[in-house]
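Below: the structure, in structure tokens.
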Amino acid sequence: MAEKQKKVPVLPWMRSPVDVSLLEQCPLGLVPCLDPRLMVALQNMGFSSLFPVQMAVWQETIGPGAFERDLCVNSPTGSGKTLAYALPIVQALSARAVKCLRALVVLPTRDLALQVKEVFSAIAPAVGLSVGLAVGQSSIADEISELIKRPRLEAGICYDPEDFSPGLQSSVDILVATPGRLIDHINSTKGFTLEHLCYLVVDETDRLLREAYQSWLPTVLQLTRYDEGFFPRAHTFLPSSLGSLKTIRRSGVERGFKGKPYPRLVKMVLSATLTQDPSKLSQLDLHHPLFLTTGKRRYQLPEKLESFKLICETKLKPLYLVALLQKLEGEKCIVFTSSVESTHRLCTLLNFFDDLPFKIKEYSGLQRQSVRSKTLKGFREGEIQVLVSSDAMTRGMDVEGVKNVINYDMPVYIKTYIHRAGRTARAGQAGRCFTLLRKDEDKHFKKLLQKADNNSCPVYAVPPSSVESMHSIYTSALEKLKETVEMEASQNRKVGFKSSREGKSSEHTLQRNSS
Ligand SMILES: Nc1ncnc2c1ncn2[C@@H]1O[C@H](COP(=O)(O)OP(=O)(O)OP(=O)(O)O)[C@@H](O)[C@H]1O
């Protein structure tokens with residue numbers, strides 16, 4: 001299937017970007033105005049310099065740019081975009097006197113939010129700032145107690161909690177959130193307010209702009225907008241569920257906040273494949289945006305990524321995959337498939353190949369969050385060597401030591417290739433991306449890679465003897481897979497029947513619909 005080529009005019013401000021590739025890595029001691037406490041925190045993280053994209057954002061925020069413009073950052077996977085926004089936000093907030101929620105970072109998935117929170121948590125406490133997390137599939141009550149500080153009750157006095165919203169305060173300066181849980185807090189958590197928000201980061205922007213969950217973006221923008229003289233209008237625009245909120249932020253609407261009592265909301269949006277579609281970008285309501293990108297090409301692969309292809313018949317793909325994994329000798333590896341169902345089938349099949357000297361686990365939206373988190377932990381810690389994954393894993397995830405990515409199913413779009421391949425060759429490290437192809441897919445694959453300026457993708461040879469020697473074990477593994485699939489299908493039917501009798505769909509059924 002060919003990628004749809006929508007001809008959209010590029011916005012004028014996107015035609016004259018800041019080219020991040022012209023900047024050098026900068027030793028921490030030479031970063032202008034860097035707070036010495038943050039320098040120590042960075043050193044404790046093992047960092048000795050800032051990467052080019054981090055320097056570019058620094059210049060536009062703490063440097064001469066002084067946060068005057070909203071930033072749109074398009075920079076390759078693994079180039080350090082997280083710290084690029086986290087560091088200036090933390091430094092800018094380090095001078096704050098009163099604790100309230102001033103920075104909001106939105107990410108598409110829970111695991112990604114956790115990862116980004118770790119980065120903030122490594123630097124923010126050094127300057128006395130606290131970081132909170134608002135993600136789905138964890139107890140909202142626990143989250144509320146982490147995010148909102150209740151006033152101390154005077155002895156002997158019984159307060160009605162309804163009367164006490166004004167006394168509630170944020171316990172955090174920075175919040176990392178997924179859209180769904182963010183909306184839950186906006187709608188229902190007493191004392192949760194975006195009134196004081198100064199910074200909004202939309203990470204993995206192109207993915208988040210597809211996530212319309214309860215109109216999270218217009219809601220956040222509306223709650224942080226202030227039209228002088230039209231204050232009540234914002235209120236009437238809000239869904240009725242938000243009616244009780246008095247969280248309209250008094251902010252300046254002019255460039256910067258010169259002469260205004262409050263700063264305007266500064267936005268930073270980032271991706272390795274940032275959309276250039278004006279209609280999508282317009283949803284962000286950017287203020288005098290500045291485009292930062294790397295090089296001339298729209299899509300870039302990491303510098304030290306090597307791409308290879310393996311051409312084989314469809315029915316022999318599992319054998320080629322096993323032969324390749326054996327050749328990689330237990331190096332950390334992510335195998336991507338095209339759907340949650342094929343992830344499950346492939347992982348089950350691989351585990352029927354007895355005596356493989358590495359641990360293989362599945363990671364997909366078909367599983368419960370607790371299972372996924374456990375698997376991810378095992379993979380991070382090196383207990384699991386091979387992760388078979390659906391595209392839930394493609395974006396943003398940063399797992400140390402992933403040496404190889406394998407596309408078991410060829411990605412249809414260059415964006416998918418970029419995000420999958422980008423799980424390796426991060427932070428200037430070397431990495432390899434292998435793609436299994438049928439002969440008839442080769443032409444399309446070549447064209448796909450050309451979009452990222454990659455004209456070199458040699459064939460990776462797997463010795464035919466290693467494939468042939470596995471034929472009998474493959475036949476028996478396939479038999480076992482068939483039995484397992486039938487058994488699971490009958491279990492699912494029973495669960496589905498029970499659920500429909502109870503008038504609700506099963507979690508399993510629901511999860512199958514997400515990736
Ligand atoms: N200044 C630095 N020095 C050394 N390592 C760094 C530095 N900045 C970031 N890193 C490391 O680089 C890796 C990639 O960073 P990060 O996850 O922010 O990349 P990214 O650009 O957001 O990638 P993606 O587009 O895949 O989300 C991380 O492991 C991070 O710890």
Quiz item: Under the side chain to side chain donor-acceptor pair (under 3.5 Å) criterion, do S49 and Q25 qualify, and how do the steps go?
Solution: CA-CA 6 Å; S49 56; Q25 206 161 304; 2.8 Å; yes
Quiz prompt | Atom pair CG (D173) and CG (L129), whose distance is rounded to the nearest 0.5 Å | solution = 4.5 Å
Quiz item: Which residues satisfy the salt bridge (charged side-chain N to carboxylate O under 4.0 Å, His left out) test with K317, sequence neighbours excluded?
Solution: D409
Practice problem: Decide if atom CD of E488 counts as having more than 12 heavy atoms of other residues, nucleotides or ligands within a radius under 6.0 Å. | Solution: yes
Quiz item: Are side-chain N/O atoms of S342 and Y408 paired as donor and acceptor at under 3.5 Å?
Solution: no
Practice problem: Working to the nearest 0.5 Å, report the span between CG of L221 and OG of S215. | Solution: 11.0 Å
Practice problem: Output, in order, the C-alpha distance, side-chain angles, deciding distance and verdict of side-chain contact (heavy atoms from CB on, under 4.5 Å) for F291 and L274. | Solution: CA-CA 10 Å; F291 184 38; L274 192 74; 3.9 Å; yes
Self-check item: salt bridge (Lys or Arg N to Asp or Glu O under 4.0 Å) assessment of D206 paired with R395
Solution: CA-CA 11 Å; D206 41 341; R395 288 225 177 209; 3.0 Å; yes
Exercise. Using a 4.5 Å cut-off on heavy atoms from C-beta on, say whether the side chain of L197 contacts that of L223.
Key: no
Exercise. Specify the closest pair of heavy atoms between L42 and L50, including all atoms of both residues, with the distance to one decimal.
Key: CD1-CD2, 4.3 Å
Quiz prompt | Side-chain heavy-atom pair E143, L133 within 4.5 angstrom cut-off | solution = no
Quiz item: Would you call V131 and V172 a side-chain contact if the rule is heavy atoms closer than 4.5 Å?
Solution: no
Exercise. For D111 and Q369, test the side chains for any donor-to-acceptor distance below 3.5 angstrom and give the result as yes or no.
Key: yes
Self-check item: F379 six-ring face occupied by K332 cation (under 6.0 Å, within 45°)
Solution: yes
Quiz item: Do L319 and F353 come within less than 4.5 Å of each other through their side chains, counting heavy atoms only?
Solution: yes
Quiz prompt | Sequence neighbours excluded, every pair satisfying salt bridge (charged side-chain N to carboxylate O under 4.0 Å, His left out) that has a member inside residues 428-443 | solution = K309-D442, E331-R432, R438-D440, R438-E441
Quiz item: Quick one: which of R426, R423, Q115 gives a side-chain hydrogen bond (donor to acceptor under 3.5 Å, both in side chains) with D398?
Solution: R426
Quiz item: Are Y85 and Y199 close enough, and set up right, to give a side-chain contact (heavy atoms from CB on, under 4.5 Å), and what steps lead you there?
Solution: CA-CA 10 Å; Y85 60 77; Y199 305 100; over 6 Å; no
Quiz item: Between P76 and Q300, what is the shortest heavy-atom contact and its length?
Solution: CG-CB, 3.8 Å
Quiz item: What are the two closest heavy atoms between H419 and E204, and how far apart are they?
Solution: CE1-OE1, 3.8 Å
Quiz prompt | Other residues, nucleotides, ligands: >12 heavy atoms within 6.0 Å of K480 NZ | solution = yes
Quiz item: When the ring planes of F434 and F308 are compared, do they come out parallel, tilted or perpendicular, using 30° and 60° as the limits?
Solution: parallel
Quiz prompt | Minimum-distance pair of heavy atoms, taken over all atoms of L292 and A56 | solution = CD2-CB, 3.6 Å
Practice problem: Would you check if there is a donor-acceptor pair between the side chains of S364 and H344 at a distance under 3.5 Å? | Solution: no
Exercise. Dump the intermediate steps for side-chain contact (heavy atoms from CB on, under 4.5 Å) on F192 and L175, then the final yes or no.
Key: CA-CA 11 Å; F192 183 86; L175 180 67; 3.6 Å; yes
Quiz item: Got more than 12 heavy atoms from elsewhere within 6.0 Å of NZ, K327?
Solution: yes
Quiz item: Do the side chains of L321 and L346 get nearer than 4.5 Å, heavy atoms only?
Solution: yes
Quiz item: To the nearest 0.5 Å, how far apart are OG in S373 and CZ in R110?
Solution: 4.5 Å
Quiz item: At their closest point, which heavy atom of L23 faces which heavy atom of M55, and how far apart are they?
Solution: CD2-CB, 3.8 Å
Quiz item: By salt bridge (charged side-chain N to carboxylate O under 4.0 Å, His left out), which residues pair with E483, not counting sequence neighbours?
Solution: none
Quiz item: How long is the gap from NZ on K403 to SG on C333, to the nearest 0.5 Å?
Solution: 11.0 Å
Quiz item: Cut-off 3.5 Å, side chains only: do T205 and S271 have a donor facing an acceptor?
Solution: no
Exercise. Would you name the heavy atoms of F51 and S79 that are closest together and state the gap between them?
Key: CD1-O, 3.3 Å
